Participant: 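Take a look at the following structure, please.
Small disclaimer: the values here were computed from a predicted structure and weren't measured.
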Amino acid sequence: MEKRKNLCAMIPETLYTQVCSEKEQLELTLSQYVERILKEHFEGGKAMANGTRTLAFQVSEELFTRIKEHLKKTGQSQKDFVITLIEQALQDAEKNEEEAPE
């Protein structure tokens with residue numbers, strides 16, 4: 001087994017709450033959870049054990065601010081918001097493909 005080292009860092013309380021929530025959902029210890037995130041970061045978008053993949057992209061500061069303001073108003077998570085938009089766009093595209101004459 002590879003030698004282990006301790007990693008300690010102060011993070012914002014809101015981020016800490018998100019971390020705790022997700023690690024509990026995945027039924028991982030904090031060490032397992034942090035190791036998983038760091039490996040994913042350094043090794044790229046690997047498939048997670050729960051059958052999910054990471055989708056990451058950058059947006060302008062202006063768009064990011066608009067999204068955060070919208071999420072604050074709706075109480076929706078960023079993840080749920082983006083997934084809903086993607087699913088709607090895919091459904092629309094699939095519907096258009098079905099209706100398009102060949």
Side-chain angles (χ1 to χ4, degrees):
M1 179 179 208
E2 187 175 350
K3 185 177 175 184
R4 314 287 280 182
K5 296 290 259 178
N6 187 33
L7 177 65
C8 182
M10 297 294 290
I11 60 173
E13 190 173 329
T14 53
L15 183 57
Y16 176 83
T17 302
Q18 289 176 311
V19 166
C20 289
S21 175
E22 187 171 80
K23 80 172 184 63
E24 287 172 13
Q25 284 179 337
L26 297 172
E27 298 179 349
L28 297 173
T29 66
L30 182 57
S31 293
Q32 292 168 326
Y33 180 76
V34 171
E35 182 176 349
R36 185 180 201 168
I37 289 172
L38 292 173
K39 280 184 177 179
E40 181 180 320
H41 172 76
F42 288 110
E43 296 171 4
K46 303 277 185 191
M48 302 295 279
N50 64 353
T52 63
R53 298 278 308 241
T54 297
L55 179 64
F57 50 90
Q58 293 181 336
V59 297
S60 68
E61 185 67 34
E62 178 186 350
L63 181 56
F64 184 81
T65 301
R66 288 175 58 203
I67 292 167
K68 288 298 185 183
E69 288 171 0
H70 174 76
L71 296 176
K72 214 179 269 186
K73 291 177 190 172
T74 64
Q76 196 174 20
S77 74
Q78 181 173 307
K79 177 182 174 181
D80 289 342
F81 176 68
V82 172
I83 288 173
T84 299
L85 291 175
I86 293 170
E87 288 175 341
Q88 287 173 347
L90 288 172
Q91 287 173 359
D92 291 348
E94 290 163 355
K95 183 178 177 184
N96 288 339
E97 287 173 6
E98 291 172 3
E99 293 174 354
E102 290 186 26

Participant: Please tell me if the side chains of L38 and L7 come closer than 4.5 Å, counting only heavy atoms from C-beta onward.
Facilitator: yes
Participant: Look at the side-chain heavy atoms of Ile, Leu, Val, Met, Phe, Trp and Tyr, link any pair under 4.5 Å apart, and say whether L85 and I83 land in one connected group.
Facilitator: no
Participant: Quick one: ring-ring contact (aromatic ring centres under 6.0 Å, His included) partners of F81, sequence neighbours excluded?
Facilitator: H70
Participant: In terms of hydrophobic clusters joined by side-chain contacts under 4.5 Å, are M10 and L15 together?
Facilitator: no
Participant: Start with the C-alpha distance between V19 and V34, add both sets of side-chain angles, then the distance that settles side chain to side chain contact (heavy atoms under 4.5 Å, CB included), and finish with yes or no.
Facilitator: CA-CA 9 Å; V19 166; V34 171; 5.7 Å; no
Participant: I'd like to check the side-chain contact (heavy atoms from CB on, under 4.5 Å) partners of T84; sequence neighbours left out, ordered by chain and number.
Facilitator: Q76, Q88
Participant: Once you round to the nearest 0.5 Å, how far does NZ of K79 lie from CG of L71?
Facilitator: 14.0 Å
Participant: According to side-chain contact (heavy atoms from CB on, under 4.5 Å), who are the partners of T29, at least two apart in sequence or on a separate chain?
Facilitator: S31, Q32
Participant: Can you list every pair that meets salt bridge (Lys or Arg N to Asp or Glu O under 4.0 Å) and has a residue in residues 17-35, with sequence neighbours left out?
Facilitator: R4-E35, E35-K39
Participant: Can you list the residues that meet the side-chain hydrogen bond (donor to acceptor under 3.5 Å, both in side chains) rule with T17, with sequence neighbours excluded?
Facilitator: none
Participant: Any pair with a residue in residues 60-75 that passes salt bridge (Lys or Arg N to Asp or Glu O under 4.0 Å), sequence neighbours left out, goes on the list, sorted by first then second residue, please.
Facilitator: none
Participant: For the residue pair I67 and V82, establish whether any side-chain heavy-atom pair is separated by less than 4.5 Å.
Facilitator: no
